[in-house]
Amino acid sequence: MTAWGESLGIEGSIVSFLGDPTCAFTKALDLVMDHPGPVSVLGNARSKRFAVLFDDGVAKAVNVSEFEGDPSGDSDPSASCVEAMLKAVS
């Protein structure tokens, strides 16, 4: 996660990258992508494509990019992209 953050230049910003290697956080949010299509390619369950806006530890917005026939949100990730999250802030 550190290298990814460094490559994007987030150091010193309000953005935090967090890993979830055991899927504990993802399971707690009920955001596990366990659709057989992606699992057959990736080999195990992963998190859905999502973004969460936290304010003082409280989730204020949870946006998930997932659609029937596109469980990974690859064809339209806009719900979890920055523009959608900025709308949640305003």
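Only this structure's heavy atoms are used, side chains among them; waters, hydrogens and symmetry mates stay out.
Across D30 and K48, no two heavy atoms sit closer than the pair O-NZ, 4.4 Å. Closest approach of M85 to A51, counting heavy atoms only: SD-CB, 3.6 Å. A pairwise comparison of heavy atoms in S78 and D76 identifies OG-OD1, 2.6 Å as the closest pair.
A distance-only check finds a donor-acceptor pair linking the side chain of S65 to the backbone of P77 [under 3.5 Å]. Looking at R49, its side chain does come within 3.5 Å of a backbone N or O of S72 through a donor-acceptor pair. At distances below 3.5 Å, not a single donor-acceptor pair connects side-chain atoms of D55 with backbone N or O atoms of A59.
For the atom pair CD (E68) and NE2 (H35), the distance works out to 8.5 Å, reported to the nearest 0.5 Å. The structure places NZ of K27 at 10.0 Å from CG of D34, a figure rounded to the nearest 0.5 Å. Here the straight-line distance linking atom CG of N63 with atom OG of S80 works out to 7.5 Å at 0.5 Å rounding.
A single hydrophobic cluster is seen to contain both V62 and L29, as judged by linkage of ILVMFWY side chains at heavy-atom distances under 4.5 Å, directly or through other members. The same ILVMFWY cluster, assembled from side-chain heavy atoms under 4.5 Å apart, contains both W4 and V15.
Of the residues L31, T26, V64, the one that meets the side-chain contact (heavy atoms from CB on, under 4.5 Å) test with S47 is T26.
Two residues are said to be in side-chain contact when any heavy atoms from C-beta on lie closer than 4.5 Å; F17 and L8 meet this criterion.
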